[in-house]
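Taking it in order: structure first as structure tokens, then the write-up.
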Amino acid sequence: MNGIVGVVYVVFGLKIFEKYESGNLIFIGYIALFFSYLMFIASPQTSIWFLAFIAIYTISESTILPSAYGEISKIATSGSEGGYYGASQISWILGSAAGYYTGVYLVNGEHYDLLWWIYAVVALVGVGIVYVYLRSSTIE
């Protein structure tokens with residue numbers, strides 16, 4: 001499901017990437033990510049709701065990642081783009097490591113809602129960080 005939604009979104013959503021600035025797309029992606037977590041917390045635990053969560057999450061992820069690379073290419077100094085891209089992967093590394101541990105915790109079913117709330121708060125922090133970044137970049 002994840003792959004299908006991702007491919008369909010990229011094919012049909014290409015105009016979105018051409019029309020909007022990458023920073024704004026990152027902001028919208030984090031808002032959608034936040035609401036996908038809230039939806040997952042508040043929804044009945046059925047397969048339809050889970051598939052809807054996966055679709056929204058995939059669209060959010062497929063919006064944030066390429067837009068982030070576009071934004072990195074804007075702020076990177078000439079000749080050191082690789083360093084900027086490498087530094088941006090630190091969050092990926094930390095998130096992946098934390099994801100394995102929290103995933104096991106989720107599977108065990110202990111404090112099930114708490115972890116989804118944590119994910120929602122992290123997405124909301126992303127919204128705040130991108131908002132501050134966008135405001136500071138328009139002031140300059």
Side-chain angles (χ1 to χ4, degrees):
M1 171 81 178
N2 189 350
I4 294 169
V5 171
V7 168
V8 169
Y9 176 68
V10 168
V11 169
F12 291 108
L14 189 58
K15 294 286 184 197
I16 294 171
F17 291 98
E18 294 171 354
K19 184 175 181 178
Y20 297 103
E21 290 289 323
S22 56
N24 293 331
L25 288 173
I26 296 168
F27 184 71
I28 292 167
Y30 271 113
I31 290 173
L33 189 62
F34 171 71
F35 282 112
S36 75
Y37 290 136
L38 288 184
M39 183 193 82
F40 191 79
I41 293 166
S43 68
Q45 303 301 314
T46 63
S47 57
I48 296 296
W49 279 101
F50 184 68
L51 292 175
F53 162 75
I54 290 173
I56 295 169
Y57 176 86
T58 302
I59 290 169
S60 302
E61 183 181 40
S62 299
T63 301
I64 293 169
L65 292 177
S67 299
Y69 290 135
E71 202 62 27
I72 290 168
S73 67
K74 287 181 190 176
I75 64 171
T77 57
S78 181
S80 61
E81 292 88 352
Y84 279 79
Y85 287 114
S88 74
Q89 295 304 308
I90 292 172
S91 65
W92 181 261
I93 292 165
L94 295 175
S96 295
Y100 291 123
Y101 293 109
T102 57
V104 169
Y105 197 66
L106 273 174
V107 169
N108 288 333
E110 299 174 17
H111 308 293
Y112 182 73
D113 286 345
L114 175 64
L115 287 171
W116 290 105
W117 278 108
I118 291 171
Y119 294 154
V121 168
V122 169
L124 193 58
V125 168
V127 170
I129 289 170
V130 174
Y131 177 78
V132 169
Y133 169 75
L134 291 174
R135 293 232 352 157
S136 69
S137 66
T138 57
I139 293 171
E140 294 174 3

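Just so you know, these numbers come straight off a predicted model, no measurement behind them. FYI, side chains are in, hydrogens and waters are out, and symmetry mates aren't considered; it's all heavy atoms of this structure.
The distance from atom CG of Leu51 to atom OG1 of Thr58, rounded to the nearest 0.5 Å, is 10.5 Å. Taking CD1 from Ile4 and CD1 from Ile54, the interatomic distance works out to 11.0 Å, rounded to the nearest 0.5 Å. Taken from CG in Leu124 to CH2 in Trp117, the straight-line distance is 10.5 Å, to the nearest 0.5 Å. For the atom pair Ser22 OG and Ile64 CD1, the distance stands at 12.5 Å (nearest 0.5 Å). For the atom pair OH (Tyr69) and OG (Ser88), the distance works out to 5.5 Å, reported to the nearest 0.5 Å.
Residues Leu33 and Phe35 share a single hydrophobic cluster, defined by chaining ILVMFWY side chains whose heavy atoms lie under 4.5 Å apart. Ile59 and Trp49 fall within the same hydrophobic cluster, defined by Ile, Leu, Val, Met, Phe, Trp and Tyr side-chain heavy atoms under 4.5 Å apart, directly or through other members. Put simply, Val127 and Ile129 are part of two different groups of oily side chains (I, L, V, M, F, W, Y) that touch within less than 4.5 Å, one to the next. When the side chains of ILVMFWY residues are joined at heavy-atom separations under 4.5 Å, either directly or via intervening members, Ile31 and Phe53 end up in a single hydrophobic cluster. Both Tyr30 and Ile41 are part of a single hydrophobic cluster, where members link through side-chain heavy atoms under 4.5 Å apart.
Between Thr77 and Tyr84, the shortest heavy-atom contact is N-CE1, 3.6 Å. Smallest separation of non-hydrogen atoms from Ala52 and Met39: C-CE, 3.7 Å.
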### Task
Could you check Ile72 against Tyr85 for side chain to side chain contact (heavy atoms under 4.5 Å, CB included), going step by step and ending with a plain yes or no?
CA-CA 7 Å; Ile72 290 168; Tyr85 287 114; 3.7 Å; yes

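For the pair Trp116/Leu38, no side-chain contact is recorded, criterion being any heavy-atom separation below 4.5 Å from C-beta on. Proximity of Tyr57 to Tyr119: side-chain heavy atoms (C-beta onward) are nowhere separated by under 4.5 Å. By the 4.5 Å heavy-atom criterion applied to side chains, Phe27 and Leu134 are counted as neighbours. Between Phe50 and Phe40 the shortest side-chain heavy-atom distance falls below 4.5 Å.
Judged by distance alone, with hydrogens and angles left aside, the side-chain atoms of Ser73 form a donor-acceptor pair with the main-chain N or O of Gly70 at under 3.5 Å. Side-chain atoms of Glu81 come within 3.5 Å of backbone N or O of Gly79 as a donor-acceptor pair.
For Leu25, the side chain to side chain contact (heavy atoms under 4.5 Å, CB included) partners at least two apart in sequence or on another chain are Ile16, Phe17, Tyr20, Thr63, Ser67.
Glu61 CD: more than 12 foreign heavy atoms inside a 6.0 Å radius.
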